Amino acid sequence: MRITYIILLIANIFLLPMKAADNTIRLIPQPAEVQMRSGTFRLDSPISISYSQELNKEASLLKDYLDESKLIAELYPNKTDAIIQLKMSETVLPNHKEGYILQISNRSIQIESSSATGVFYGIQTLRQLIEKYPNRALPQLIITDYPAFSWRAFMLDEARYFKGKKVVCRLLDQMAYLKMNTFHWHLTDDQGWRIEIKKFPKLTEIGSRRDSSEINHFESDVFDGKPHSGYYTQKEIKEILLYAHERHINIVPEIEMLGVVCGVILVCWIVIS
């Protein structure tokens, strides 16, 4: 009898955490708080999306996302009985400007925030939920979420290897999906100059090309013998900036210049000579 009791006790110790985990919605990043409710909400086409005027872009992106998921969505400004409702209010998580509350009830889905950025992040969480439940039967729940860190960055080094606009936009989409807000864009170094400066055309005519790339490791002196080139026009840079802005991502460009000490030495050399 005592042995049976011990076995049951050990089983409960291991099984209780597993049961709790089964009731947890796993998202990336994990929300600050998830309250599961009983029941599900079936998300079937056509889907009406209600939004206020300041959320026009976020609503349009949500429609695009749903279209990609083979769901037909239609936009209706300020429709009170819409299936998905995007709302802004200063009283929603006022101390967390990027925070949001996502509520799935038996009738509708509501995403509320004090900022358009927060609503956009709530949309990303909804996208993950739709992907997690391919049968479109979403669990009824309330998610209260806000970022743990204000700077959530990804760095792309294109000085070493040029990727191009299509790849960068796809990368920005993935950053938005994960609620990252800063794109560190390394555009120039000794291996390549990737941004058009019309006043100095040789920066790209010469600096964006190389006849070979070093491989294996730094200072290996082993080269692949393959030419590499590429740069962004000013028009492409502006288009990427707009693309990032619509996804609430700040771009921090990195352009290598002379260091302070080298600059002072260079100025002194010019003056002396």
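Numbers here simply count residues along the sequence, with the first being 1. None of the values given here were measured: they were computed from a predicted structure.
Between the CG atom of Asp211 and the CZ atom of Phe223 there is a distance of 8.5 Å, given to the nearest 0.5 Å. Rounded to the nearest 0.5 Å, atoms CD1 (Ile143) and CG (Leu27) are 5.5 Å apart. Considering CD1 of Ile130 and CG of Leu43, their distance stands at 5.0 Å, rounded to 0.5 Å. The structure places NZ of Lys166 at 13.5 Å from CD1 of Ile240, a figure rounded to the nearest 0.5 Å. Remark: His217 NE2 to Asp221 CG distance equals 8.5 Å, nearest 0.5 Å. Interatomic distance, NE2 of His248 versus CG of Leu61, reported as 8.0 Å (0.5 Å rounding).
A donor-acceptor pair under 3.5 Å links the side-chain atoms of Asp224 to the main chain of Ser213, judged by distance alone. With hydrogens and angles ignored, the 3.5 Å screen pairs no side-chain donor or acceptor of Glu98 with any backbone N or O of Tyr146. Judged by distance alone, the side chain of Glu74 and the main-chain N or O of Ser48 form no donor-acceptor pair under 3.5 Å. A donor-acceptor contact shorter than 3.5 Å is absent between the side chain of Asp145 and the backbone of Tyr100. Checking side-chain atoms of His186 against main-chain N and O of Pro253 turns up no donor-acceptor pair under 3.5 Å. One N or O on the side chain of Ser113 and one on the backbone of Gly99 form a donor-acceptor pair closer than 3.5 Å. A side-chain donor-acceptor contact under 3.5 Å links Gln128 to the backbone of Ile28. Here the side chain of Gln174 pairs no donor or acceptor atom with the backbone of Leu171 at under 3.5 angstrom. A donor-acceptor contact shorter than 3.5 Å is absent between the side chain of Ser220 and the backbone of Asn216. Checked by atom type and distance alone, the side chain of Trp185 never pairs as donor or acceptor with a backbone atom of Leu187 at under 3.5 Å.
Annotation for Tyr177: atom OH counts as buried by contact number, over 12 foreign heavy atoms lying within 6.0 Å. Atom NZ of Lys238 sits in a sparse spot, with 12 or fewer heavy atoms from other residues, nucleotides or ligands closer than 6.0 Å. Counted within 6.0 Å of CZ on Arg42, heavy atoms from surrounding residues, nucleotides or ligands total more than 12; the atom is thus considered enclosed. Counted within 6.0 Å of OH on Tyr161, heavy atoms from surrounding residues, nucleotides or ligands total 12 or fewer; the atom is thus considered open. No more than 12 heavy atoms of other residues, nucleotides or ligands lie within 6.0 Å of CD in Glu90, so this atom counts as exposed by the packing criterion. Residue Ile255 places its CD1 atom among more than 12 non-hydrogen atoms of other residues, nucleotides or ligands, all under 6.0 Å distant.
Minimum interatomic distance between Ser108 and Ala82 (heavy atoms only, all atoms of both residues): CB-O, 3.9 Å. Lys97 and Ser114 get closest at one heavy-atom pair: CD-OG, 3.7 Å. Contact detail for Ala153 and Met180: the closest heavy-atom pair is O-CE, 3.0 Å. Nearest heavy-atom pair, Tyr231 versus Ser208, reported as atom, atom and distance to 0.1 Å: CD2-OG, 3.7 Å. Minimum heavy-atom separation, Glu58 to Phe120: CG-CB, 4.1 Å. Gln103 and Ile142 make their closest contact through CG-CG1, 3.8 Å (heavy atoms, listed as atom of the first residue, atom of the second, distance).
A 4.5 Å side-chain heavy-atom check between Ile109 and Leu138 finds at least one atom pair inside the cut-off. Using a 4.5 Å heavy-atom cutoff, the side chains of Ser60 and Leu75 are in contact. Considering only heavy atoms from C-beta on, Asn78 comes within 4.5 Å of Ser52 through its side chain. A heavy-atom distance below 4.5 Å is not found between the side chains of Thr182 and Phe154. Residues Ile84 and Leu62 form a side-chain contact, since some pair of their non-hydrogen atoms from C-beta on lies under 4.5 Å apart. The shortest side-chain heavy-atom distance between Leu102 and Leu129 falls under the 4.5 Å cut-off. The side-chain heavy atoms of Asn181 and Asn250, taken from C-beta on, include no pair separated by under 4.5 Å. For the pair Leu71/Arg136, a side-chain contact is recorded, criterion being any heavy-atom separation below 4.5 Å from C-beta on.
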Inset, instruction - Evaluate the salt bridge (Lys or Arg N to Asp or Glu O under 4.0 Å) criterion for residues Lys163 and Glu158: first the C-alpha distance (whole Å), next the side-chain angles of each, then the deciding distance (0.1 Å), finally the verdict. - result: CA-CA 7 Å; Lys163 298 293 185 182; Glu158 289 201 87; over 6 Å; no
Inset, instruction - Please assess Tyr232 against Phe162 for the test ring-ring contact (aromatic ring centres under 6.0 Å, His included), listing each intermediate value before the final yes or no. - result: CA-CA 9 Å; Tyr232 294 98; Phe162 180 75; 4.8 Å; yes
Inset, instruction - Output, in order, the C-alpha distance, side-chain angles, deciding distance and verdict of side chain to side chain donor-acceptor pair (under 3.5 Å) for Thr125 and Lys179. - result: CA-CA 9 Å; Thr125 297; Lys179 305 182 181 73; 2.9 Å; yes
Inset, instruction - Mind running side chain to side chain donor-acceptor pair (under 3.5 Å) on Ser115 and Thr117 for me, showing each step along the way? - result: CA-CA 5 Å; Ser115 69; Thr117 302; 4.6 Å; no
Legend entry - Glu236 and Gln234: CA distance, side-chain angles, deciding distance, side chain to side chain donor-acceptor pair (under 3.5 Å) verdict: CA-CA 5 Å; Glu236 288 174 323; Gln234 290 190 10; over 6 Å; no
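None of Arg210, Arg160, Gln191, Arg209 except one satisfies the side-chain contact (heavy atoms from CB on, under 4.5 Å) rule with His228; the exception is Arg210. Residue Gln85 is tested with Lys79, Gln110, Glu112 for a side chain to side chain donor-acceptor pair (under 3.5 Å); the sole match is Gln110.
Relative to the ring axis of Tyr243, Arg247 places its NZ or CZ within 45° and under 6.0 Å from the centre. Figure legend: Arg127 and Tyr65 shown as a cation-pi pair, the cationic atom lying under 6.0 angstrom from the six-membered ring centre and within 45 degrees of its axis.
In this structure, Val168 is a member of the same hydrophobic cluster as Ile195, with clusters built from ILVMFWY side-chain heavy atoms closer than 4.5 Å. Linking Ile, Leu, Val, Met, Phe, Trp and Tyr whenever their side-chain heavy atoms come within less than 4.5 Å puts Ile47 and Val119 in one cluster. Follow the hydrophobic side-chain contacts under 4.5 Å out from Leu141 and you reach Leu86 in the same cluster. Taking hydrophobic clusters as Ile, Leu, Val, Met, Phe, Trp and Tyr residues chained together by side-chain heavy-atom distances below 4.5 Å, Tyr51 shares a cluster with Met88.
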